[in-house]
Amino acid sequence: MRKAVIAGNWKMNKTVSEAVELICELKKLVFDVTDTEIVVAPPFLAIYRVAQEAKGSNIRISAQDIFWEEKGAYTGAVSPMMLSDVGCKYTIVGHSERRQYFGETDETVNRKIRAALGQGLAPIFCVGEVIEQRESGETFSVIETQVRKGLSGLSPPEMKDLIVAYEPVWAIGTGKTATGEQAEEVHAFIRGLLKEVSQGTADNTRILYGGSVNPDNVDGLMAKPNIDGALVGGASLKAEDFARIVKYKR
Ligand code: PEP
């Protein structure tokens with residue numbers, strides 16, 4: 001049985017004091033949740049304070065990105081060890097905004113995933129097609145390439161902590177959610193690809209859906225057999241909306 005993961009990606013939103021306010025509000029709303037892993041990914045500068053506030057609660061902390069080297073002359077970068085040190089247990093890797101605006105490639109994504117796993121951080125590995133690729137029937141080949149290259153060289157034991165997020169780029173921040181059926185067929189396809197590496201591991205890997213998830217559509221999405229959670233952007237910035245998503249109806 002896969003435990004659901006609901007992760008909030010706060011992106012480049014919230015000052016440190018606003019982030020502390022949000023985590024404090026959220027803690028009160030979800031303290032009674034035990035059957036879902038709750039994760040928030042604040043901006044780097046707020047991680048330390050948010051992690052302090054979340055200590056002892058059922059909310060875990062993720063980074064939004066990571067670099068693969070441990071330390072050294074890499075101006076502006078943040079290492080896996082630094083993230084662990086401030087209380088991160090997860091990191092998003094390969095978000096489409098990193099791919100689009102910051103030149104992330106399947107190769108750099110692979111290096112980041114390996115670095116995260118090497119430090120004991122669970123990578124939330126994002127894949128997804130753009131609208132032109134969906135409309136020209138390339139969705140599955142795009143996802144296959146991203147998954148194969150992103151996970152290249154990983155062994156089944158290394159993949160134990162991996163989380164995958166299917167995020168159709170056309171659904172991110174647009175209000176256009178994939179239907180449960182559209183998402184489910186890609187999730188099932190991703191699980192099939194993971195099974196080529198290891199059947200047992202693939203059965204346990206959580207595959208999240210991301211793209212305009214909100215309190216109104218979460219129940220339908222979560223009812224699908226291969227949708228094991230959600231990566232939530234906009235709706236994670238409001239404690240009440242995010243709490244409702246965390247408490248989706250089983
Ligand atoms: C995201 O940033 O990963 C995301 C899915 O954003 P939104 O929920 O706003 O579409």
Side-chain angles (χ1 to χ4, degrees), residues 4-14 18-19 22 26 30 36-44 46-47 50 59-66 88 90-102 104 109 112-113 116 121-131 133-134 139 142-143 146-147 150 162-180 182-184 186-187 190 206-222 224 226-248:
V5 180
I6 303 289
N9 175 11
W10 295 359
K11 308 195 185 188
M12 197 175 71
N13 295 291
K14 306 289 175 190
E18 289 167 346
L22 180 54
L26 187 60
V30 300
T36 296
E37 248 167 76
I38 309 169
V39 180
V40 297
F44 281 133
I47 287 179
V50 170
I59 304 175
R60 304 282 169 266
I61 309 300
S62 173
Q64 297 176 15
D65 186 34
I66 189 171
C88 284
Y90 307 73
T91 179
I92 298 171
V93 179
H95 191 280
S96 64
E97 288 151 15
R98 299 296 313 174
R99 294 177 190 257
Q100 183 180 354
Y101 301 122
F102 301 96
E104 195 82 85
V109 167
K112 290 179 176 189
I113 289 175
L121 294 164
I124 303 176
F125 164 40
C126 302
V127 296
E129 80 287 1
V130 298
I131 190 66
Q133 292 165 332
R134 172 157 286 267
T139 298
V142 168
I143 300 297
Q146 290 176 343
V147 169
L162 175 77
I163 296 171
V164 179
Y166 169 54
E167 298 210 304
V169 180
W170 48 270
I172 297 179
T174 58
K176 283 187 210 152
T177 322
T179 62
Q182 282 173 322
E184 171 61 21
V186 178
H187 282 230
I190 293 171
R206 275 81 59 87
I207 306 178
L208 318 185
Y209 168 77
S212 299
V213 175
N214 62 44
D216 298 325
N217 60 27
V218 65
D219 302 342
L221 288 160
M222 290 302 293
K224 297 292 176 196
N226 282 292
I227 300 184
D228 309 311
L231 180 55
V232 185
S236 71
L237 297 173
K238 287 193 200 127
E240 280 186 3
D241 285 356
F242 190 63
R244 169 62 183 85
I245 293 170
V246 165
K247 295 183 178 187
Y248 70 88

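Every value quoted in this text rests on a predicted model; they were computed, and no experiment measured them. Order of appearance sets the numbers: ligands from 1, and atoms from 1 within every ligand.
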Under a 4.0 Å N-O cut-off, is there an ion pair linking D219 with R244?
->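 The answer is yes: the pair qualifies as a salt bridge.
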
Nearest-0.5 Å distance that lies between atom [atom1] in [X] and atom [atom2] in [Y]:
{"X": "L208", "Y": "I92", "atom1": "CG", "atom2": "CD1", "result": "10.0 Å"}
{"X": "Q64", "Y": "R98", "atom1": "CD", "atom2": "CZ", "result": "8.5 Å"}
{"X": "I190", "Y": "I207", "atom1": "CD1", "atom2": "CD1", "result": "5.5 Å"}

Taking C-beta and beyond as the side chain, do I66 and V93 meet within less than 4.5 Å on heavy atoms?
-> yes

Anything under 30° is parallel, anything over 60° is perpendicular, the rest tilted; go ahead and classify Y166 against H187.
-> perpendicular

Heavy atoms under 4.0 Å from ligand 1: which residues qualify?
->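 Its neighbours under 4.0 Å (heavy atoms only) are N9, K11, H95, E167, A171, I172, G173, G210, G211, S212, L231, V232, G233, G234, given by chain and number.
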
